[in-house]
Asker: 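Please find one structure pasted underneath; my questions will follow.
Note that ligands are numbered from 1 as they come in the structure, with each ligand's atoms numbered from 1 the same way.
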Amino acid sequence: MAGIRIIKENVDQKTFEALAEICPFDAFSYENAVLEVSSACKVCKLCIKNGPAGVLVLEEEQRVAIDKSLYRGITVYVDHIEGKIHPVTFELIGKARELAAVIDHPVYALFMGTNISEKADQLLSYGVDKVFVYDQPELKHFVIEPYANVLEDFIEKLKPSSILVGATNVGRSLAPRVAARCHTGLTADCTILEMKENTDLVQIRPAFGGNIMAQIVTQYSRPQFCTVRYKVFTAPELVKEPWGSVEIMAIGKDKLISAIEVLEVIKKEKGVDLSDAETIVAVGRGVKCEKDLEMIYQFAQKIGATVACTRPGIESGWFDARLQIGLSGRTVKPKLIIALGISGAVQFAAGMQNSEYIIAINNDSKAPIFNIAHCGMVGDLYEILPELLKMIDEPETEEAGKTLVMPEAIKAPERMVG
Ligand SMILES: Cc1cc2nc3c(=O)[nH]c(=O)nc-3n(C[C@H](O)[C@H](O)[C@H](O)COP(=O)(O)OP(=O)(O)OC[C@H]3O[C@@H](n4cnc5c(N)ncnc54)[C@H](O)[C@@H]3O)c2cc1C
């Protein structure tokens, strides 16, 4: 980590005022003629670049370069409950294969649990080179200490270069704990992953409220950890003749002790999982009041869609928080999503732009949603939706067909195809 050193003898009230003006994080204080930088400092270096000369010095920590060639393989953590593998695992295996091809590394899957050995073979069908299985009775339930110990044991033995973990409840708990133990970096909720030829994993994700895409690289340590949400990547085709193998691993019982005792597992009632929906009608602030949702639910029901929303829908208390799409909500990749009265803010788009087909209805032809939509209708949703409902009910009516002829103007943006 870099830090900022203050050359005390060059400081006075005026230099403090100049620095306070520049610092976006209010990190400077000046009391009893002593200038200090607080922990709010993000080492953005603006004060060094633009502040008074001779007051601040950037101190870079000298990092010892590691031998990256000692680390080989892209590992995918197999997320599962009682052997039922979460589909994010398959998506990550597909991405791991792409990344591994760049550096000619093998793809590993790490599978830990109880009575799972016979389920390991299915992972080979996704093109894994080697599945490492820790099948021990103490691993029946996900308990953080033993699971973290197993992952650590695997890292010590195999020295993988990168570890991809699904951003599930389990993954979000396990990955950072082990990354901290390994004194290495972790990037949560990556949306793009790329591989450099020197084996550095470029972990790309929205940052600063979705306004920039940050490219994060773990240059000085290994393994490189990242988590990725379900539905961000696509599961690969099954391979006809799997070539990989399964290796059974073991860890000492002393490493499987936990202060937590699982007395009973009570399964939560499965609610609507937005990530699995194939058709979604997404509601935005263009819908004026809660009562108007009736029309939307009616429409959604007719086309067999799940209703979801943008953040204002949650803030107004109309929807359950699990139905929010976006950066701070769910990532979805349905076959069809219809965005009603949604502007298409980056934070919303980040959660749905990989959908197979996007239809947008908005009365503002310049709304950014039209930049990612495949098809758009510029107009008042309160006029368009009743017409669509009429079309569904009376598909043969010539009248309904006429009403929905789209104006030329909306075909302009590049992605729109119809
Ligand atoms: C850190 C951070 C995280 C965030 N995370 C999320 C997130 O996960 N998900 C999310 O959704 N937002 C998120 N936001 C908020 C986001 O920035 C936007 O404010 C939000 O997405 C806007 O929602 P909207 O499109 O429904 O509303 P608006 O931006 O207000 O858009 C409403 C649209 O409806 C159109 N409209 C109005 N009336 C009609 C009508 N009668 N017919 C047709 N169209 C009409 C308007 O032209 C407008 O384009 C986040 C913001 C921050 C800072």
Asker: Any side-chain donor-acceptor pair under 3.5 Å between E36 and S29?
Answerer: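 The criterion, which ignores hydrogens and geometry beyond distance, is not satisfied for S29 and E36.
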Asker: Quick one: look at S328 and ligand 1, take heavy-atom pairs under 4.0 Å, and tell me if it's side chain, backbone, both or neither.
Answerer: both
Asker: Please state which option from Q347, M352, M377 has its nearest heavy atom closest to atom 16 (C) of ligand 1.
Answerer: Q347
Asker: How about F154 and F132: are their ring centres within less than 6.0 Å of each other?
Answerer: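 Under 6.0 Å, so yes.
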Asker: Is F348 in polar range of ligand 1, meaning some N or O pair under 3.5 Å apart?
Answerer: no
Asker: In the protein, what heavy atom is nearest to atom 47 (O) of ligand 1, and what distance, to one decimal place, separates them?
Answerer: N362 OD1, 2.8 Å
Asker: I need the nearest protein heavy-atom contact for atom 41 (N) of ligand 1: residue, atom name and distance, please.
Answerer: D380 OD1, 2.9 Å
Asker: Provide, to 0.1 Å, the distance between atom 38 (N) of ligand 1 and the closest protein heavy atom, together with that atom's residue and name.
Answerer: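 Heavy-atom neighbour on the protein nearest atom 38 (N) of ligand 1: K288 NZ, 2.9 Å.
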Asker: Crowded around E21 CD? As in, over 12 foreign heavy atoms under 6.0 Å?
Answerer: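 Incorrect, the count does not exceed 12.
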Asker: Between ligand 1 and L381, is the shortest N or O to N or O distance under 3.5 Å?
Answerer: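 The answer is yes, given that L381 and ligand 1 share an N or O pair closer than 3.5 Å.
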Asker: What's the verdict on salt bridge (charged side-chain N to carboxylate O under 4.0 Å, His left out) for R222 and D200, showing C-alpha distance, side-chain angles and the deciding distance?
Answerer: CA-CA 9 Å; R222 289 290 184 270; D200 281 353; 2.6 Å; yes
Asker: I'd like to check which ligand 1 atoms, numbered from 1 as shown, lie under 4.0 Å from a non-hydrogen atom of G284.
Answerer: 26 (O)
Asker: I need the atoms of ligand 1 closer than 4.0 Å to a non-hydrogen atom of G329, numbered in the order shown.
Answerer: 8 (O)
Asker: Flag yes if more than 12 heavy atoms outside Y297 fall under 6.0 Å of its OH atom; otherwise flag no.
Answerer: yes
Asker: Are side-chain N/O atoms of D79 and T89 paired as donor and acceptor at under 3.5 Å?
Answerer: no
Asker: Do any nitrogen or oxygen atoms of P312 lie less than 3.5 angstrom from nitrogen or oxygen atoms of ligand 1?
Answerer: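 Between P312 and ligand 1, no N or O pair is found under 3.5 Å apart.
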Asker: Is there a donor in the side chain of K333 and an acceptor in the side chain of T234, or the other way round, less than 3.5 Å apart?
Answerer: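 Looking only at side-chain atoms, T234 and K333 do form a donor-acceptor pair, the distance falling under 3.5 Å.
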Asker: For atom 40 (C) of ligand 1, find the nearest protein heavy atom and state the residue, atom name and distance (0.1 Å precision).
Answerer: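 Checked against all protein heavy atoms, atom 40 (C) of ligand 1 sits closest to N363 ND2, 3.5 Å.
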Asker: Closest non-hydrogen protein atom to atom 1 (C) of ligand 1, residue and atom name please, with distance?
Answerer: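 The closest one turns out to be G209 CA, 3.7 Å.
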Asker: Could you list which atoms of ligand 1 come closer than 4.0 Å to a heavy atom of L327?
Answerer: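 Counting atoms of ligand 1 from 1, those under 4.0 Å from L327 are 7 (C), 8 (O).
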Asker: Against heavy atoms of A345, which atoms of ligand 1 measure under 4.0 Å?
Answerer: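 With A345 as reference, the close atoms of ligand 1 come out as 16 (C), 17 (O), 18 (C), 21 (O).
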Asker: Quick test: of every protein heavy atom, which one is nearest to atom 51 (C) of ligand 1, and how far off is it to 0.1 Å?
Answerer: R311 NH2, 3.5 Å
Asker: How far is atom 9 (N) of ligand 1 from its nearest protein heavy atom, and which residue and atom is that?
Answerer: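 Here the nearest protein heavy atom works out to I325 O, 2.8 Å.
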Asker: Which of the atoms of ligand 1 are close to G379, meaning less than 4.0 Å from one of its heavy atoms?
Answerer: 42 (N), 43 (C)
Asker: Would you call the rings of H80 and F111 parallel, tilted or perpendicular if under 30° counts as parallel and over 60° as perpendicular?
Answerer: perpendicular
Asker: Here's one to test your reading of the geometry: is the NZ or CZ of K130 within 45 degrees of the ring axis of Y108 and under 6.0 Å from its centre?
Answerer: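 Pair K130/Y108 does not count as cation-pi.
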Asker: Quick one: which ligand 1 atoms are inside 4.0 Å of a heavy atom on D364?
Answerer: 47 (O)
Asker: State whether a side-chain donor-acceptor pair under 3.5 Å links D364 with N362.
Answerer: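 No - no donor-acceptor pair under 3.5 Å links their side chains.
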Asker: Judging by distance only, is a nitrogen or oxygen of Y382 under 3.5 angstrom from one on ligand 1?
Answerer: no
Asker: Does atom NZ of K335 have more than 12 heavy-atom neighbours, drawn from other residues, nucleotides or ligands, at distances under 6.0 Å?
Answerer: no
Asker: Please test R322 against D320 for salt bridge (charged side-chain N to carboxylate O under 4.0 Å, His left out), starting from the C-alpha separation and ending with a verdict.
Answerer: CA-CA 5 Å; R322 282 170 295 186; D320 183 293; 3.1 Å; yes
Asker: Give the residue and atom name of whichever protein heavy atom lies nearest to atom 24 (P) of ligand 1, and the separation in Å to one decimal.
Answerer: T310 OG1, 3.7 Å
